[in-house]
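Before any comments, here is the structure.
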There are 2 protein chains.
Amino acid sequence: MRSDARRNRDRLLAAAREEFAAQGRGASLNRIAQQAGVGPGTLYRHFPSAQALLVAIISEDVAALCARGEELLAHPSAGEALRAWLRALAVHASAMRGLVAVEALGGGAALAECHDAIRAAGSRLLRRAEEEAGERYQVDIDDLLVAVNAMAWAGEQAPQDHARLDRLLALLMRGLPSAG
Amino acid sequence: MRSDARRNRDRLLAAAREEFAAQGRGASLNRIAQQAGVGPGTLYRHFPSAQALLVAIISEDVAALCARGEELLAHPSAGEALRAWLRALAVHASAMRGLVAVEALGGGAALAECHDAIRAAGSRLLRRAEEEAGERYQVDIDDLLVAVNAMAWAGEQAPQDHARLDRLLALLMRGLPSAG
DNA sequence: GTAATATACGGAGACCCTCTCCGCATAGCA
DNA sequence: TGCTATGCGGAGAGGGTCTCCGTATATTAC
């Protein structure tokens with residue numbers, strides 16, 4: 001990749017993060033291109049669709065989430081570790097308003113890889129929590145992750161209510177093993 | 001209101017229901033007007049924004065939900081009644097893809113009335129379930145309703161997975177009193 | 001039945017958004 | 001320094017939201 005292309009790509013990603021965080025669903029790809037100082041054509045060459053742009057951003061975050069999951073495997077309380085990680089996931093999902101919605105949709109192969117990585121991390125934490133609690137927690141890990149995303153989405157619908165996300169997560173986690 | 005205006009209003013609402021159900025977020029107000037056989041100007045005179053249109057549709061449904069809540073107060077199991085009603089709420093929220101999202105947003109006075117009515121019905125069912133279970137269920141009714149909406153939203157993100165909504169609701173309801 | 005009037009209609013069009021196409025510029029290389 | 005592959009950018013097509021205003025019509029009074 002040519003150096004100017006690389007530079008533009010990076011600028012576009014940075015501008016997109018800002019725009020998505022600020023505007024949520026109302027984000028405009030035009031504005032992103034403008035903010036990054038490139039033409040719309042350049043944006044669409046790098047990212048053929050708004051979704052591709054989102055996937056690229058998400059991919060950047062997934063590694064961090066997986067690393068956090070790895071760390072949390074060493075946490076003395078497996079139940080708390082699971083909760084902490086799900087909360088981190090929710091915060092990631094909330095980071096840009098409306099981003100979650102697209103994350104939940106199709107999104108292609110790149111996003112599938114992200115999902116697999118997230119699912120793997122979540123599965124390990126869930127299994128450890130189950131072992132700790134000595135009971136099988138009858139839930140599909142995918143459902144649990146979707147539910148966490150849904151809570152993040154709902155939390156973002158009322159951005160002024162900062163505590164809502166925590167309350168919603170608490171509500172969701174009532175049924176988890178070794179609940180506080 | 002002039003008779004032709006009334007007729008057009010009704011046609012617009014019917015067309016809007018179809019369009020929202022079929023297209024979800026991709027719904028086009030232009031198409032709704034076209035489908036209803038009126039010009040765009042007519043649509044915007046009756047409903048100044050897409051949100052106003054949604055609110056009008058929602059208002060139509062709320063009465064039915066409240067009536068269902070009333071019925072369920074007579075159900076022998078208060079816990080089951082609560083669950084059944086929350087499920088009905090989720091189905092309503094799912095009825096048109098993406099409608100939930102707007103429902104969660106501001107929406108003005110008309111929507112506030114709807115929320116109040118829903119909250120009142122939900123509160124009564126929740127209180128009865130608590131009494132039956134002999135325990136106080138520490139949850140804000142608003143949070144519970146938002147969470148149900150969030151699950152409906154998540155369910156609609158994967159319309160091909162019909163059972164997902166049920167699984168997500170089950171997940172949410174694990175922490176409810178007298179859970180099965 | 002007809003005239004007067006308030007009310008509502010509808011479509012042209014302004015403006016913005018997404019996304020494409022292609023002539024032009026330039027980075028990288030010999 | 002010149003060549004070429006690669007990338008840039010903006011004009012513009014197509015469609016969406018929403019407005020404005022000349023035209024049409026339901027309604028009322030006579």
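D:dT17 atom P lies 13 Å from atom CG of B:Leu12, rounded to whole Å. Here C:dC19 presents its P atom at 10 Å from CG of A:Leu43, a figure rounded to the nearest Å. In this structure, CE of A:Met1 is placed 12 Å from P of C:dG28, rounded to the nearest angstrom. One atom, CD of B:Gln34, and another, C1' of C:dC9, lie 16 Å apart when rounded to the nearest Å. Taking atom CD on B:Gln23 and atom P on D:dT17, their separation rounds to 11 Å, with Å as the unit. Atom-to-atom, CZ of A:Phe47 to C1' of C:dT20 comes out at 18 Å; the value is rounded to the nearest Å. A:Arg2 places its CZ atom 18 Å from the P atom of D:dC3, with the value rounded to the nearest Å. Note: CD1 (A:Ile32) to P (C:dC17) measures 11 Å, nearest angstrom.
Looking at A:Trp85, its side chain does come within 3.5 Å of a backbone N or O of A:Leu65 through a donor-acceptor pair. Between the side chain of A:Thr42 and the backbone N or O of A:Val38, no donor-acceptor pair lies under 3.5 Å. With hydrogens and angles disregarded, no donor-acceptor distance shorter than 3.5 Å links the side chain of A:Glu19 to the backbone of A:Ala27.
In this structure, A:Arg31 reaches the sugar-phosphate backbone alone: every heavy-atom distance under 4.0 Å involves primed, P, OP1 or OP2 atoms, never a base. Residue A:Ser3 is in sugar-phosphate contact alone, with no base atom involved, counting any heavy-atom pair closer than 4.0 Å across all strands shown. Across all strands, B:Asn30 comes closer than 4.0 Å to base atoms (heavy-atom distances). Contacts of B:Pro40 with the nucleic acid, taken as non-hydrogen atoms under 4.0 Å apart, include base atoms.
Distances shown here put a side-chain N or O of B:Asn8 below 4.0 Å from the OP1 or OP2 atom of C:dC9. Contact annotation: B:His46 side-chain N/O to C:dA8 OP1/OP2 distance is not under 4.0 Å.
In this structure, the nucleotide among D:dC18, C:dC9, D:dG7 sitting nearest to the side chain of B:Tyr44 is D:dC18. Among the nucleotides C:dA8, C:dA27, C:dG10, the one closest to the side chain of B:Thr42 is C:dG10. With distances taken from any side-chain atom of A:Asp4 to the nucleotides C:dA27, C:dC9, D:dT17, the minimum falls on C:dA27. Considering only side-chain atoms of B:Ala5, the nucleotide from D:dC8, D:dC18, C:dA8 that sits closest is C:dA8. For B:Arg45, the listed nucleotide lying nearest its side chain is C:dA8; candidates were C:dT18, D:dG7, C:dA8.
Under a 4.0 Å N-O distance rule, the pair A:Glu71/A:Arg68 qualifies as a salt bridge. Using a 4.0 Å cut-off between a side-chain N of Lys or Arg and a carboxylate O of Asp or Glu, A:Arg164 and B:Asp142 do not qualify as a salt bridge.
Between B:Ser49 and A:Gly39, the one whose closest nucleotide on DNA chain D sits nearer the 5' end is A:Gly39.
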